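Quick caveat: nothing in here was measured; it's all calculated off a predicted structure. Order of appearance sets the numbers: ligands from 1, and atoms from 1 within every ligand.
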Amino acid sequence: MSFQSLHDRGVIARWREFLPVSEKTPVISLNEGSTPLVHSPRLSALVGLGCEVYIKYEGLNPTGSFKDRGMTMAISKAAEAGARAVICASTGNTSAAAAAYAARGGMTSIVLLPAGKIALGKLAQAFMYGAKVVAIEGNFDDALRLVREIGETEPIAVVNSINPYRLEGQKTAAFEIIETLGDAPDVHILPVGNAGNISAYWMGYNEFHQHKRSTRLPKMIGYQAAGSAPIYYGKVVEKPETIATAIRIGNPASWDKAAAAMKDSGGTVDIVTDEQILAAQYWLASHEGIFVEPASAASIAGLMKCMGKDRCATCPMPTIAEGSRIVCTVTGHGLKDPDVAAKHISGISTVRADKSAILSLIGG
Ligand SMILES: *Cc1c(COP(=O)(O)O)cnc(C)c1O
């Protein structure tokens, strides 16, 4: 073995025995996974009852989101099958990951994006990693339908989460949490868009439970954006709208799996407004130093709405037991969406390059 530990070589190397790979699978990795599980003293205090809140910081993956965990699997399996080109529909992060891993594997990547609805950082990534970018006049759900149709007739591998290898890779985040905490948490909170990630975590938690690597299963709690909440409302949303573009999805591909995960675990699905999402995003950055993109802040907004001391009177959330361990996954990095972040830039004062001028300005 080289100087690198297993943890530094990506999720396939670290969790090989739990993944559908063999000696014949060429591993295409950017050393994704093994992201920090950060304890949050301030969120813990907010929940009270002796609960401990941890943040799984998935923005620290190689392309800045959890999508890398699934993409190392999807691209490695596509390479094993001899694919030369891959295609995906994306709200942005899937395309960034697909393009990066395809580049790493020497393949062509094609990404279908809903025109005008992609965060700037993600769009720049797709181009930077050399993808062929096609914007379509439609939303994510239209793009996914077209990708499925193209995959049926063309020699191009589909790497959306309808590709089962994606969820296999993504389940490794649950393994890491169990390994870090020594057991599964009591509650796990996630933003829900296409609903693959919450389904993947539930798979991972169940798998380790069956292997006796954990003694419990967490309640899985999903948050959708209020304007884009098909699972919460129980019907397809034709024109989903939210500032959290990564979860702007009206007809999730993994709807049934995610709904089953939330129900079977004793969890639930709920909604947060764009205002709550943006407030949580700013709060997390300015109170804990963790800067996430808006979609990721949906899990924090949900925690604040439903588990904080100020929880609303009509909260549908199961009460959290005393001393619970709660994990919130924050799915993508804040720099992905510079336009949203830039709204916080205001009132910069320019002064002479002079110590006393600075001190009088900052009230020192
Ligand atoms: C993809 C994505 C989501 C939604 O995950 P699903 O598996 O589609 O539910 C949430 N946040 C970010 C940053 C994402 O990239």
Side-chain angles (χ1 to χ4, degrees), residues 32 35 55-71 74 88-98 100 111 113-114 117-119 121-123 125-126 140-141 143-144 159-164 166-171 173-174 188-204 220-225 228-232 240 242-259 261-262 269 272 277 280-281 284 290-302 328-337 340:
E32 62 292 318
T35 53
I55 294 169
K56 184 65 169 163
Y57 196 4
E58 289 288 277
L60 296 191
N61 276 295
T63 77
S65 87
F66 75 85
K67 299 296 199 296
D68 295 340
R69 293 179 185 275
M71 207 52 78
C88 67
S90 181
T91 60
N93 282 332
T94 296
S95 57
V111 303
L113 308 172
K117 297 292 184 181
I118 299 297
K122 305 175 190 181
L123 191 60
Q125 284 181 293
F140 171 83
D141 304 289
L144 184 57
V159 294
N160 275 104
S161 59
I162 50 176
N163 175 326
R166 287 274 309 282
L167 299 200
E168 291 288 336
Q170 286 172 206
K171 76 184 179 189
H188 194 124
I189 306 176
L190 287 141
V192 173
N194 216 21
N197 208 30
I198 194 166
S199 309
Y201 270 90
W202 185 235
M203 262 168 59
M220 304 299 295
I221 297 176
Y223 281 94
Q224 302 201 288
S228 177
I231 303 180
Y232 177 78
T242 170
I243 194 160
T245 50
I247 52 172
R248 187 173 169 273
I249 292 174
N251 188 10
S254 300
W255 186 324
D256 294 343
K257 279 198 192 87
M262 293 186 271
V269 60
V272 282
I277 286 172
Q281 182 196 27
L284 190 66
I290 297 175
F291 178 24
V292 303
E293 66 168 280
S296 313
S299 55
I300 306 299
C328 297
T329 295
V330 292
T331 43
H333 201 284
L335 291 173
K336 290 272 194 177
D337 197 339
V340 166

**Student:** Here's a test for you: under side chain to side chain contact (heavy atoms under 4.5 Å, CB included), which of V292, T35, V330 qualifies with I55?
**Tutor:**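 That would be V330; it is the only one of V292, T35, V330 passing the side chain to side chain contact (heavy atoms under 4.5 Å, CB included) with I55.
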**Student:** Would you find a donor on one side and an acceptor on the other, under 3.5 Å apart, between the side chain of D141 and the backbone of G250?
**Tutor:**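 Answer holds: yes.
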**Student:** Suppose we screen for ring-ring contact (aromatic ring centres under 6.0 Å, His included). Which residues come up paired with Y223, at least two apart in sequence or across chains?
**Tutor:**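 ring-ring contact (aromatic ring centres under 6.0 Å, His included) list for Y223, sorted by chain: empty.
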**Student:** Only one of R69, K336, K67 forms a salt bridge (charged side-chain N to carboxylate O under 4.0 Å, His left out) with E58, so which one is it?
**Tutor:**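 With E58 as partner, salt bridge (charged side-chain N to carboxylate O under 4.0 Å, His left out) holds for just one option, R69.
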**Student:** Contact residues of ligand 1 with a heavy-atom cut-off of under 4.0 Å?
**Tutor:**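 Within the 4.0 Å shell of ligand 1, which is judged on heavy atoms, sit F66, K67, N93, V192, G193, N194, A195, G196, N197, A246, I247, E293, A295, S296, T331, G332.
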**Student:** In chain order, what residues pass the side-chain hydrogen bond (donor to acceptor under 3.5 Å, both in side chains) check against T331, with sequence neighbours excluded?
**Tutor:** S296
**Student:** Please tabulate, for the side chains in residues 194-201, all donor-acceptor contacts under 3.5 angstrom to protein atoms that are two or more places apart in sequence or on a different chain.
**Tutor:**
from: N194; atom 1: OD1; to: A253; atom 2: N; distance (Å): 2.9
from: N197; atom 1: OD1; to: Q170; atom 2: NE2; distance (Å): 3.1
from: S199; atom 1: OG; to: A195; atom 2: O; distance (Å): 2.7
from: S199; atom 1: OG; to: A258; atom 2: N; distance (Å): 3.3
from: Y201; atom 1: OH; to: T329; atom 2: OG1; distance (Å): 3.0

